[in-house]
Amino acid sequence: MAARIDHLVTSGTFSLDGGTWDVDNNVWIVGDDHEVVVIDAAHDADAIAAAVGERRVVAIVCTHAHDDHIDAAPALADRTGAPILLHPADAELWKRTHPDRAPDGDLADGQELTVAGTRLRVLHTPGHCHGAVSLYAPDLSAVFTGDTLFAGGPGATGRSFSDFPTIVDSIRDRLLTLPAGTEVRTGHGDSTTVGAEAPHLEEWIARGH
Ligand SMILES: [Fe+2]
C-alpha cells in the first residue's frame, strides 16, 4: 500500500520575544497502515497519538523549533519511542521550550528519511529561523514547508532568529524550483502549490514580508 498524507489541526499558543499568540497548527502524518512520520508535534500529544493509532512512529520531524511546532514533541516521543529530529541550527530555540530534553537526532540538508517506501528529502530552508527545514516527498508530489512558505507568501521574519532576505533565498532557490504541481503543505492554514505561489515572488520582495 502506498504512503498517504494524513492531517490534523491542533490549537495552542506561540510565544517569542515576550509576546504570546493563540495559534492553530497543521500536524502532518505521512505513512501507511503500518508506519508513519509525524511532521511537527504541535500542542496536543493525545490528539496526535490518536491519529497515529497503532502505527509505528518512525520519527517526529520538527520543521523548526518555534514552541508551537515542538511543544508536544517530547510527550509524543515518550509515548511512541520515536526519535525527535531537528536541524541543529535551531538548538538554541529548542532549549527555550525544552531545556531538559534534547532532540534525539539531527536533520541535515540532503538527508533522506524513508517511511512506508516513500522518501522525504530534507531541504534546509532558513530565514523564518536558522534551522528551518522543508521536507520534499517527490513520490507524493508534496513539500512540507513548516513556516517557511504559506499560501500567500513567506513565513514571518519580524522576530528574533529571523531574516527576510534569507527566507526569500530559501523560497526562491529551494522551494519554487520544485515542480509546479507540487502541493505545499504548510505549518498553519491552507495548502497551496508551487505553481500558485511562484508568480508572486517579486511582490513579496517589494512589500518586504
Ligand atoms: Fe514558526
Side-chain angles (χ1 to χ4, degrees), residues 9-28 37-45 47-48 57 59-80 82-111 113 120-136 143-150 153-171 173-175 184-189 208-209:
V9 177
T10 59
S11 300
T13 61
F14 165 54
S15 298
L16 190 65
D17 295 343
T20 296
W21 300 267
D22 292 328
V23 285
D24 295 331
N25 281 62
N26 293 323
V27 179
W28 300 100
V37 163
V38 173
I39 301 174
D40 287 345
H43 307 310
D44 191 338
I48 300 167
V57 180
I60 299 165
V61 176
C62 309
T63 61
H64 63 297
H66 279 155
D67 63 351
D68 55 324
H69 292 254
I70 62 167
D71 50 3
L76 187 65
D78 289 346
R79 300 173 65 131
T80 61
I84 299 169
L85 306 181
L86 176 72
H87 193 287
D90 263 6
E92 190 177 336
L93 268 173
W94 172 276
K95 284 179 199 161
R96 293 181 175 205
T97 301
H98 301 301
D100 301 322
R101 204 302 191 188
D104 301 296
D106 290 344
L107 295 172
D109 188 63
Q111 178 181 354
L113 309 172
L120 293 171
R121 187 182 311 149
V122 176
L123 309 176
H124 184 210
T125 49
H128 180 66
C129 44
H130 303 313
V133 301
S134 301
L135 294 136
Y136 178 45
V143 63
F144 301 88
T145 57
D147 289 356
T148 295
L149 178 62
F150 292 113
T157 51
R159 300 187 184 99
S160 299
F161 305 96
S162 288
D163 184 65
F164 182 68
T166 304
I167 203 172
V168 167
D169 287 348
S170 292
I171 291 169
D173 299 341
R174 308 305 304 279
L175 299 178
V184 177
R185 309 286 189 144
T186 64
H188 306 274
H209 62 90

Could you measure the distance from the [atom1] atom of [X] to the [atom2] atom of [Y]? Nearest 0.5 Å is fine.
X	Y	atom1	atom2	answer
Leu76	Ile60	CG	CD1	4.0 Å
Asp68	Phe14	CG	CZ	6.0 Å
Tyr136	Leu120	OH	CG	11.5 Å
Thr10	His69	OG1	NE2	9.5 Å

Within-4.5 Å side-chain heavy-atom neighbours: [X] and [Y]:
X	Y	value
Asp109	Arg174	yes
Leu113	Leu85	yes
Val122	Leu135	yes
His188	Asn25	yes
Leu16	Arg96	yes

Please give me the minimum heavy-atom distance between [X] and [Y], naming the atom from each residue.
X	Y	answer
Pro74	Ile70	CD-O, 3.6 Å
Ala45	Ala72	N-CB, 3.7 Å
Ser134	Leu175	OG-CD2, 3.7 Å
Cys62	Leu86	CB-CD1, 3.7 Å
Leu107	Pro88	O-CD, 3.4 Å
Thr148	Ala132	OG1-CB, 3.9 Å

All salt bridge (charged side-chain N to carboxylate O under 4.0 Å, His left out) counterparts of Asp163, not counting sequence neighbours: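 Scan of Asp163 (salt bridge (charged side-chain N to carboxylate O under 4.0 Å, His left out), adjacent residues dropped) gives none.
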
Keeping [X] on the side-chain end and [Y] on the backbone end, is there a donor-acceptor pair under 3.5 Å?
X	Y	result
Asp24	Val9	no
Asn26	Thr186	yes
Asp71	His43	yes
Asp147	Gly155	no
Asp67	Ser15	yes
Asp40	Thr63	yes
Asp104	Ile84	yes

Go through the structure and list residues passing side chain to side chain contact (heavy atoms under 4.5 Å, CB included) with [X], not counting sequence neighbours.
X	value
Thr157	Ser162, Phe164, Ile167
Ser170	Thr125, Pro126
His130	Ala89, Asp90, Phe161

Set of ring pair (Phe, Tyr, Trp, His ring centres under 6.0 Å) partners for His98, sequence neighbours left out: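 Testing His98 for ring pair (Phe, Tyr, Trp, His ring centres under 6.0 Å), a comparison that skips the adjacent residues, returns Trp94.
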
Considering residues at least two apart in sequence or located in another chain, which fulfil the ring pair (Phe, Tyr, Trp, His ring centres under 6.0 Å) criterion with His128?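 With sequence neighbours excluded, His128 shows a ring pair (Phe, Tyr, Trp, His ring centres under 6.0 Å) to His64, His66, given in chain and number order.
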
Applying side-chain contact (heavy atoms from CB on, under 4.5 Å) to Phe144 and Val61, what does each step give before you reach the verdict? CA-CA 11 Å; Phe144 301 88; Val61 176; over 6 Å; no

